[in-house]
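One structure is given below, encoded as structure tokens.
This is a predicted model, so every value here is computed, not measured.
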Amino acid sequence: AELGRRVDAVAAALRADHAIARGDRVAVLLPHSPELVVALLALIRLGAVYVPIDPDYPAERIAYLCEDAALTLAVCDDGREFDAPGATVLAMSQWRATPAAADWRPDPDCAIDDPAYMIYTSGSTGQPKGVMVEHRNILRLAVNNTFAVLGEQDCVAHCSNPSFDASTWEIWGALLNGARVLVIAADVQPRAARRRRDRAVADGRPVQRIPAGARAGVRWPEASADRRRRARPAQGRAGAGRAAAAAAHRQRLRPDRNHY
């Protein structure tokens, strides 16, 4: 209920003050935080397209991405300055301070084949390229899949960079199945994140790990075979995924599936 109220307040402010509507592209330059999740949900409620950008990217890269994405708005944390050609820059404190109508509810003004977010490639072979991901793509990944069954009893750690597509499963895989999202701030990664994930595996909770990490974890003595069964590699190169699956199979664990 609290999350819903916060999302409605932000969505109402974005619609009233910035006329954000279906199809508008909004960059989100926020660190790992509850505000990041609230911002993404608010944009989805409005039918907008969120564009996750790492706020720690060099200024030139941020400016290029903002211009290439043809943004309407860019949301960032307080005190951050960057160039967003053609877009209004909005700090978190500004939309937090905007009151929303208590009875405001958004129109579900989007279709399943509308884009939900736009994510950029690494640019390792040239300039980064924007890729549109539709709502149905998220649903196919997160709901009724065969590689990671989540429910209201589960808690998924959100550790991936928001501009990396692994974060899609961490956030939407949890929320669309009634699970909780544990947002692990960047300043406590990676050692604290590893400790939390290790405890999660020992408790039998779902953890998203690259195949190499999963392969290293299948023999943890503190985790029973039944609990280890849920520590499956969620992404990575096919060869590493097969190696992790083979290691798990040797211990009679459920076969791993690579959904990267």
Side-chain angles (χ1 to χ4, degrees), residues 1-55 57 62-63 65-120 130 132-139 142 158 162-163 167-168 170-172 174-176 178 180-181 183 185:
E2 179 186 354
L3 177 60
R5 287 192 296 270
R6 293 178 64 182
V7 169
D8 282 350
V10 172
L14 293 175
R15 166 90 32 109
D17 296 345
H18 302 278
I20 298 301
R22 179 181 182 180
D24 286 339
R25 299 178 189 176
V26 179
V28 179
L29 295 93
L30 296 174
H32 282 81
S33 63
E35 286 76 13
L36 168 68
V37 178
V38 169
L40 300 187
L41 283 167
L43 293 169
I44 290 291
R45 293 290 293 275
L46 292 170
V49 181
Y50 70 85
V51 184
I53 298 177
D54 188 342
Y57 279 160
I62 291 177
L65 297 179
C66 289
E67 183 174 20
D68 185 75
L71 301 174
T72 301
L73 185 71
V75 178
C76 64
D77 51 352
D78 296 337
R80 187 175 294 276
E81 296 183 1
F82 59 91
D83 185 23
T88 301
V89 177
L90 181 68
M92 283 197 304
S93 60
Q94 293 174 278
W95 54 256
R96 279 177 179 168
T98 304
D103 58 351
W104 181 86
R105 291 294 182 274
D107 265 335
D109 189 22
C110 66
I112 195 169
D113 56 353
D114 280 356
Y117 68 90
M118 181 180 185
I119 197 162
Y120 275 83
M132 289 292 192
V133 179
E134 299 174 353
H135 290 275
R136 60 183 172 185
N137 301 137
I138 297 177
L139 291 173
H158 172 37
S163 63
S167 63
T168 302
E170 293 176 352
I171 296 174
W172 302 117
L175 296 180
L176 289 173
R180 293 167 292 144
V181 178
V183 181

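- The main-chain N or O of Ala69 is found under 3.5 Å from a side-chain atom of Tyr120 such that the two form a donor-acceptor pair.
- Here CE of Met132 is found 10.5 Å from CG of Asp114. Values are rounded to the nearest 0.5 Å.
- With contacts defined as side-chain heavy-atom distances shorter than 4.5 Å, the pair Val183/Leu36 does not qualify.
- Considering all non-hydrogen atoms of both residues, Pro55 and Pro31 come closest at CG-N, 4.2 Å.
- Side-chain atoms of Asp68 do not come within 3.5 Å of backbone N or O of Leu65 as any donor-acceptor pair.
- Of all non-hydrogen atoms in Pro85 and Ala63, the two that sit nearest each other are CD-O, 3.7 Å.
- Taking 4.5 Å as the limit, every side-chain heavy atom of Asn137 sits out of range of all side-chain heavy atoms of Thr168.
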Chi angles and distances behind the side-chain contact (heavy atoms from CB on, under 4.5 Å) call for Leu139, Ile112
CA-CA 9 Å; Leu139 291 173; Ile112 195 169; 3.9 Å; yes
Go through Leu14 and Leu90 one step at a time and tell me if the side-chain contact (heavy atoms from CB on, under 4.5 Å) criterion holds.
CA-CA 10 Å; Leu14 293 175; Leu90 181 68; 3.8 Å; yes
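- Contact check for Asp8 versus Arg45: side-chain heavy atoms found under the 4.5 Å cut-off.
- Of all non-hydrogen atoms in Arg22 and Cys110, the two that sit nearest each other are NE-CA, 3.9 Å.
- Two residues are said to be in side-chain contact when any heavy atoms from C-beta on lie closer than 4.5 Å; Trp172 and Ile44 meet this criterion.
- Ala142 pairs by the side-chain contact (heavy atoms from CB on, under 4.5 Å) definition with Leu176, not counting sequence neighbours.
- Taking both residues in full, the closest heavy atoms of Val89 and Cys76 are given as CG1-SG, 3.8 Å, listed atom of the first, atom of the second, then distance.
- Judged as a side-chain hydrogen bond (donor to acceptor under 3.5 Å, both in side chains), and not counting sequence neighbours, the contacts of Asp77 are Arg80.
- Evaluation of the side-chain contact (heavy atoms from CB on, under 4.5 Å) rule for Val38 yields Leu3, Arg6, Val7, Val10 as partners, not counting sequence neighbours.
- Once rounded to the nearest 0.5 Å, the distance linking CG of Asp24 with OG1 of Thr72 reads 4.0 Å.
- Using cut-offs of 30° and 60° for the angle between ring planes, the Tyr117 and Tyr50 rings count as parallel.
- Taking 4.5 Å as the limit, every side-chain heavy atom of Pro162 sits out of range of all side-chain heavy atoms of Leu30.
- Distance check: Ile62 CD1 to Asp54 CG gives 7.5 Å after rounding to the nearest 0.5 Å.
- Taking the side chain as every heavy atom from C-beta outward, Val75 and Leu43 never approach each other to under 4.5 Å.
- Checked by atom type and distance alone, the side chain of Ser167 never pairs as donor or acceptor with a backbone atom of Glu170 at under 3.5 Å.
- You'll find the side chain of Leu46 stays beyond 4.5 Å of the side chain of Val26, heavy atoms only.
- With Asp78 contributing its side chain and Ser93 its backbone, the two residues share a donor-acceptor pair below 3.5 Å.
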